[in-house]
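To start, the structure itself, in structure tokens.
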Amino acid sequence: MSIEVGAKLQGKVSGITNFGAFIDLGSGKTGLVHISEVSNGFVKDIHDVLSVGDEVTVKVTSVGDDGKIGLSIRKAQEQPESAGKETNHNAKKFQHQNKEPRENRTRSTQKKSFSRSQPSNTKEDFDSLMSSFLKDSDDRLTSLKRNTEGKRGGRGGRRS
């Protein structure tokens with residue numbers, strides 16, 4: 001029996017790990033279903049969804065050169081639902097196309113609120129802000145040095 005990508009197969013859960021489940025596909029072939037491919041929703045513990053001996057339908061997602069077979073339970077179940085999902089996807093695209101471009105969305109009112117009428121004051125404001133920042137930064141560094149200086153030494157305490 002050759003296993004090809006995209007094929008749907010019946011299998012039996014032969015082992016469960018924290019990252020997925022091993023599925024026995026028959027004729028000595030075993031594949032892995034990653035925990036993210038078990039269900040459409042979030043699966044915290046795979047034991048809540050599968051147990052050893054369960055019969056499952058899987059879809060082959062990959063076949064490695066080294067013989068590893070990647071499987072998906074989630075993709076095997078999605079086929080009947082995909083037609084409905086495509087129409088929703090197209091409807092979302094249509095809604096997105098009908099929206100106004102970002103530039104036209106209340107942009108003109110926002111620009112007015114941020115405009116500055118006194119360009120000569122901005123340099124003085126910046127200079128004063130910068131000098132107050134530098135002074136504050138110097139004070140903080142000095143107090144930090146003062147408080148950590150004594151904690152570095154061993155027996156002797158502070159030395160001058």
Side-chain angles (χ1 to χ4, degrees), residues 5-6 13 15-23 30-52 54 56 58-160:
V5 175
V13 178
I16 294 180
T17 65
N18 58 351
F19 55 85
F22 289 98
I23 310 294
T30 302
L32 173 70
V33 177
H34 189 265
I35 192 167
S36 64
E37 294 293 329
V38 170
S39 173
N40 284 328
F42 176 72
V43 178
K44 185 174 184 177
D45 185 13
I46 196 166
H47 294 285
D48 296 340
V49 182
L50 294 174
S51 58
V52 176
D54 286 352
V56 291
V58 293
K59 185 173 183 179
V60 180
T61 57
S62 65
V63 179
D65 295 334
D66 52 356
K68 292 182 179 178
I69 303 168
L71 303 171
S72 173
I73 296 172
R74 181 171 59 107
K75 290 180 182 172
Q77 296 171 346
E78 272 187 25
Q79 296 298 34
E81 300 171 11
S82 66
K85 286 184 180 181
E86 286 176 9
T87 56
N88 275 348
H89 185 66
N90 289 338
K92 285 181 183 176
K93 275 186 181 178
F94 184 72
Q95 280 179 338
H96 182 69
Q97 288 173 351
N98 288 339
K99 287 186 178 179
E100 290 183 29
R102 283 192 169 191
E103 298 86 37
N104 296 341
R105 291 187 209 158
T106 66
R107 196 71 146 167
S108 58
T109 57
Q110 288 179 353
K111 282 185 180 177
K112 289 179 184 175
S113 64
F114 290 114
S115 66
R116 292 191 174 139
S117 58
Q118 300 171 349
S120 62
N121 256 355
T122 57
K123 187 173 183 344
E124 294 172 1
D125 289 340
F126 177 76
D127 289 340
S128 64
L129 287 172
M130 190 61 147
S131 67
S132 67
F133 169 77
L134 287 173
K135 183 180 179 229
D136 193 34
S137 178
D138 253 354
D139 291 344
R140 287 183 183 181
L141 280 173
T142 305
S143 95
L144 184 65
K145 285 179 185 175
R146 193 179 313 126
N147 290 335
T148 57
E149 213 170 71
K151 296 176 184 171
R152 290 187 187 169
R155 286 186 219 158
R158 290 190 184 179
R159 296 182 186 170
S160 298

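Closest non-hydrogen pair, Ile69 versus Thr30, comes out as CD1-O, 4.0 Å. A pairwise comparison of heavy atoms in Ala21 and Ile46 identifies N-CD1, 3.8 Å as the closest pair. The nearest pair of heavy atoms linking Asp54 to Ser51 is OD2-N, 2.9 Å. Contact between Arg74 and Ser36 at its shortest, heavy atoms only, is NE-O, 3.5 Å. Ile16 approaches Val52 most closely through the heavy-atom pair CD1-N, 3.9 Å. Between Asp138 and Thr142 the shortest heavy-atom distance is O-OG1, 2.8 Å.
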Begin with the C-alpha distance, continue with both residues' side-chain angles, and end with the deciding distance and a verdict on side chain to side chain contact (heavy atoms under 4.5 Å, CB included) for Asp48 and Val43.
-> CA-CA 8 Å; Asp48 296 340; Val43 178; 5.9 Å; no

Could you please spell out the steps behind the side chain to side chain contact (heavy atoms under 4.5 Å, CB included) verdict for Leu71 and Val60?
-> CA-CA 5 Å; Leu71 303 171; Val60 180; 3.9 Å; yes

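Between atom CG of residue Leu141 and atom OG of residue Ser137 there is a gap of 5.0 Å, rounded to the nearest 0.5 Å. The structure places OG1 of Thr17 at 6.5 Å from CG of Leu32, a figure rounded to the nearest 0.5 Å. Considering OG of Ser128 and CZ of Phe133, their distance stands at 14.0 Å, rounded to 0.5 Å. With rounding to the nearest 0.5 angstrom, the CG atom of Leu134 is 11.0 Å from the CG atom of Leu129. To the nearest 0.5 Å, atom CG of residue Asn40 and atom CD1 of residue Ile73 are 11.0 Å apart.
Using modelled atom types, one side-chain atom of Thr61 and one backbone atom of Gly70 make a donor-acceptor pair closer than 3.5 Å.
Partners of Ser39 by side chain to side chain donor-acceptor pair (under 3.5 Å), not counting sequence neighbours: none found.
The number of heavy-atom neighbours closer than 6.0 Å to CG of Asp66, taken from other residues, nucleotides and ligands shown, is above 12.
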